[in-house]
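Numbers here simply count residues along the sequence, with the first being 1.
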Amino acid sequence: ILTSLEKLEVAPPSPGQLRHVFFHNALPFVGFGFLDNAIMIAAGTQIELSIGVVLGISTMAGKHCQIQNGLFLFSHSSSLAGYVEALASRLGLSIPDLTPKQADMWQTRLSAHLGKAIGVTIGCILGMFPLLFFGDEEEKLEEKN
């Protein structure tokens, strides 16, 4: 037997609520993508330039070390996501006002996943800034060879 409350249909989230869900999920992932990519580029390049030069390994072997380093750093930098989310909430990023049924609707889940995907993409693009500083070092290594 269904009660009268269970028979009521819940309205889907409004476009404004879906935008709020999108930005609530995107902003922390911009920070995470930025930190993750910046750390992996900086640390990976330093490993390639230091260990690769000392051991005299080829560029391909250096890239293999860089990939292994990237996997290690990614597994550890995923713990940064919690800190980025905490910072976002301290900066006033409020939780969307949705009922539990609205939060479980496909529109809300789609908005959340799109926010995360677009946020981490923007963050990774912004996190490529260390590449601006590595051009001179690579040119010097090419001149030595």
Side-chain angles (χ1 to χ4, degrees), residues 1-54 57-142:
I1 299 174
L2 296 175
T3 65
S4 61
L5 291 176
E6 291 174 340
K7 292 180 186 178
L8 293 175
E9 289 290 322
V10 176
S14 68
Q17 287 175 313
L18 292 176
R19 271 193 304 277
H20 192 185
V21 168
F22 178 87
F23 286 114
H24 178 76
N25 286 283
L27 290 177
F29 275 84
V30 169
F32 169 71
F34 174 82
L35 289 173
D36 183 57
N37 210 22
I39 290 170
M40 285 201 308
I41 288 172
T45 303
Q46 288 306 315
I47 285 175
E48 182 181 353
L49 292 175
S50 60
I51 295 175
V53 171
V54 169
I57 58 177
S58 68
T59 304
M60 289 301 285
K63 292 294 178 190
H64 177 70
C65 290
Q66 192 172 359
I67 290 169
Q68 294 296 325
N69 178 52
L71 293 174
F72 172 77
L73 285 173
F74 180 75
S75 66
H76 284 53
S77 66
S78 60
S79 63
L80 293 174
Y83 293 113
V84 172
E85 287 178 5
L87 177 64
S89 67
R90 285 185 186 160
L91 293 175
L93 186 64
S94 62
I95 297 172
D97 187 27
L98 299 170
T99 66
K101 286 188 178 186
Q102 285 178 321
D104 195 39
M105 291 183 173
W106 70 269
Q107 299 97 324
T108 309
R109 289 194 311 258
L110 178 66
S111 182
H113 290 307
L114 283 174
K116 292 174 184 177
I118 291 171
V120 80
T121 301
I122 291 170
C124 284
I125 290 169
L126 294 174
M128 290 193 299
F129 84 93
L131 295 175
L132 297 171
F133 304 108
F134 291 130
D136 296 335
E137 293 175 11
E138 290 177 4
E139 289 174 7
K140 289 177 187 175
L141 284 176
E142 287 177 10

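Among residues two or more places apart in sequence or in another chain, the side chain to side chain contact (heavy atoms under 4.5 Å, CB included) test is passed with L27 by L93. Qualifying salt bridge (Lys or Arg N to Asp or Glu O under 4.0 Å) partners for R109, counting only residues two or more places apart in sequence or in other chains: D104. Applying the ring-ring contact (aromatic ring centres under 6.0 Å, His included) rule to F23 yields no partners; only residues at least two apart in sequence or on another chain are considered.
Listed by first then second residue, pairs satisfying side-chain hydrogen bond (donor to acceptor under 3.5 Å, both in side chains) with a partner in residues 20-30 read H20-S94, not counting sequence neighbours. Judged as a salt bridge (Lys or Arg N to Asp or Glu O under 4.0 Å), not a single pair has a partner in residues 115-133 (not counting sequence neighbours). The list of salt bridge (Lys or Arg N to Asp or Glu O under 4.0 Å) pairs with a residue in residues 15-25, not counting sequence neighbours, is empty.
At a threshold of 4.5 Å between non-hydrogen side-chain atoms, the residues T108 and L98 count as touching. At a threshold of 4.5 Å between non-hydrogen side-chain atoms, the residues F22 and I118 count as touching.
Distance alone, capped at 3.5 Å, places no donor-acceptor pair between the S111 side chain and the V21 backbone. In terms of modelled atom types and a separation under 3.5 Å, the side chain of Q107 and the main chain of P12 share no donor-acceptor contact. The closest donor-acceptor contact from the side chain of Q102 to the backbone of V10 lies at 3.5 Å or more, if one exists at all.
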